[in-house]
S.K.: 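Submitted below is the structure of interest, expressed as structure tokens.
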Amino acid sequence: MSMRVFVTAADLQSFSEAAKALGISAPMVGKHINALEDHLGITLFHRTTRRMDMSDLGRVYYERCVAILNDVDATDVLVKELSHDVSGTLRITMPVLFGKRLIAPILFSALKNYENLNLDLYFDDSAPDILTERFDLAIRSGFSSLRQGFASRHLISFR
């Protein structure tokens with residue numbers, strides 16, 4: 001929070017304007033700035049009753065804080081988007097009978113919960129090249145010899 005208070009105060013060149021923008025009191029802005037200065041052992045702002053100027057080290061710290069806060073904000077947005085909305089196209093290949101009888105009904109049922117997800121299903125009893133054909137998931141029956149780097153998991157016994 002103190003880093004965001006510092007950047008806001010620097011952008012607005014005023015503790016009182018920063019306080020308004022952040023919804024806190026001007027003395028609280030001062031406390032955040034003082035705590036940062038104590039922690040860093042430097043002066044971030046040269047302050048008088050009429051004026052506030054950023055120190056040279058304050059400018060260096062400001063540039064890094066802006067970059068860090070932008071990364072934090074972008075990460076927050078990304079995580080919120082990923083946690084709420086599954087989207088895109090999922091390409092899956094599977095054996096014909098197994099896929100149509102067992103897997104497809106489960107996938108179509110699950111699809112109702114994800115309106116932005118599209119399924120691209122390939123029903124084929126031969127084993128396609130997963131990489132070349134760019135499949136996200138391959139469901140195969142029997143024992144397969146996967147290339148190194150692929151993960152496999154036993155799903156179900158099916159006769």
Side-chain angles (χ1 to χ4, degrees), residues 1-94 103-104 106-122 127-140 144-156:
M1 177 71 176
S2 294
M3 192 181 290
R4 195 167 301 278
V5 170
F6 165 67
V7 168
T8 304
D11 287 342
L12 299 175
Q13 297 182 341
S14 165
F15 283 17
S16 60
E17 291 301 314
K20 287 178 192 172
L22 295 169
I24 59 176
S25 67
M28 185 56 74
V29 171
K31 287 181 183 181
H32 278 282
I33 301 301
N34 289 337
L36 273 176
E37 289 177 332
D38 289 346
H39 171 73
L40 297 169
I42 64 170
T43 300
L44 295 169
F45 293 107
H46 299 293
R47 303 182 282 271
T48 67
T49 54
R50 296 181 181 263
R51 201 175 158 150
M52 178 176 96
D53 292 314
M54 211 177 322
S55 68
D56 291 338
L57 288 175
R59 282 192 243 317
V60 171
Y61 188 67
Y62 171 83
E63 294 299 325
R64 288 299 307 139
C65 287
V66 168
I68 289 167
L69 291 172
N70 285 339
D71 284 346
V72 167
D73 292 342
T75 302
D76 287 350
V77 167
L78 175 66
V79 169
K80 286 178 184 175
E81 286 175 358
L82 290 176
S83 69
H84 294 294
D85 189 29
V86 176
S87 63
T89 300
L90 183 61
R91 290 178 43 89
I92 306 172
T93 179
M94 64 195 87
I103 302 300
I106 294 168
L107 291 173
F108 291 134
S109 176
L111 194 60
K112 294 174 188 170
N113 297 321
Y114 303 102
E115 63 185 42
N116 293 322
L117 180 65
N118 297 309
L119 295 177
D120 196 357
L121 304 179
Y122 289 84
D129 185 333
I130 298 168
L131 285 178
T132 303
E133 297 191 37
R134 302 183 56 90
F135 285 108
D136 299 304
L137 176 65
I139 299 172
R140 290 286 146 233
S144 65
S145 57
L146 291 175
R147 293 195 302 196
Q148 190 172 6
F150 285 97
S152 67
R153 178 170 295 164
H154 178 265
L155 297 177
I156 189 172

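Predicted model only: the values in this text are computed from it and were never measured.
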S.K.: Yes or no on side chain to side chain contact (heavy atoms under 4.5 Å, CB included) for D120 and R134, after CA distance, side-chain angles and deciding distance?
M.R.: CA-CA 11 Å; D120 196 357; R134 302 183 56 90; over 6 Å; no
S.K.: I'd like to check V5 versus L36 (side-chain heavy atoms, cut-off strictly below 4.5 Å). Are they in contact?
M.R.: no
S.K.: Mind checking the CD1-CZ spacing from I130 to R140? Nearest 0.5 Å is all I need.
M.R.: 7.5 Å
S.K.: From F45 CZ over to I33 CD1, what is the distance, rounded to the nearest 0.5 angstrom?
M.R.: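 One gets 5.0 Å once the value is rounded to the nearest 0.5 Å.
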S.K.: Can you find a pair of side-chain heavy atoms, one from R47 and one from F15, that are under 4.5 Å apart?
M.R.: yes
S.K.: For A21 and L12, which heavy atoms make the closest approach, and how far apart are they?
M.R.: CB-CD1, 3.9 Å
S.K.: For the atom pair CE (M94) and CG (L107), what is the distance rounded to the nearest 0.5 Å?
M.R.: 5.5 Å
S.K.: For S14 versus M52, what's the shortest heavy-atom pair and its separation?
M.R.: N-CE, 3.3 Å
S.K.: To the closest 0.5 Å, what do you measure between CD1 (I92) and CG (D136)?
M.R.: 7.5 Å
S.K.: Are D53 and Q13 side-chain neighbours, meaning at least one heavy-atom pair lies under 4.5 Å?
M.R.: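 No, too far: nothing below the 4.5 Å cut-off.
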S.K.: Walk me through whether T8 and E17 qualify under side chain to side chain contact (heavy atoms under 4.5 Å, CB included).
M.R.: CA-CA 9 Å; T8 304; E17 291 301 314; over 6 Å; no
S.K.: Does any part of the side chain of I68, heavy atoms only, come nearer than 4.5 Å to the side chain of M3, both counted from C-beta?
M.R.: yes
S.K.: Please round to the nearest 0.5 Å and tell me the distance separating atom CG of D56 and atom OG1 of T43.
M.R.: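 That separation rounds to 11.5 Å.
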S.K.: Minimum heavy-atom separation for A26 and A19, please, with both atom names.
M.R.: N-CB, 3.5 Å
S.K.: Closest approach of L117 and L111, non-hydrogen atoms and distance?
M.R.: O-CD1, 3.2 Å
S.K.: How long is the straight-line distance from CG of L137 back to CG of L121, given to the nearest 0.5 Å?
M.R.: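 It comes to 10.0 Å.
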S.K.: Only distances under 3.5 Å count here; give the side-chain donor-acceptor pairs of residues 71-79 to other protein atoms, sequence neighbours excluded, each with its distance to 0.1 Å.
M.R.:
from	atom 1	to	atom 2	distance (Å)
D73	OD1	R4	NH2	3.0
T75	OG1	D71	O	2.7

S.K.: Assign the ring pair F6 / Y62 to parallel, tilted or perpendicular, where the plane angle (0 to 90°) is split at 30° and 60°.
M.R.: perpendicular
S.K.: Donor-acceptor check, side chain of T89 to backbone of L119, threshold 3.5 angstrom: yes or no?
M.R.: no
S.K.: Quick one: closest heavy-atom pair of V7 and C65, and the distance?
M.R.: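 Here V7 and C65 meet closest at CG2-CB, 3.6 Å.
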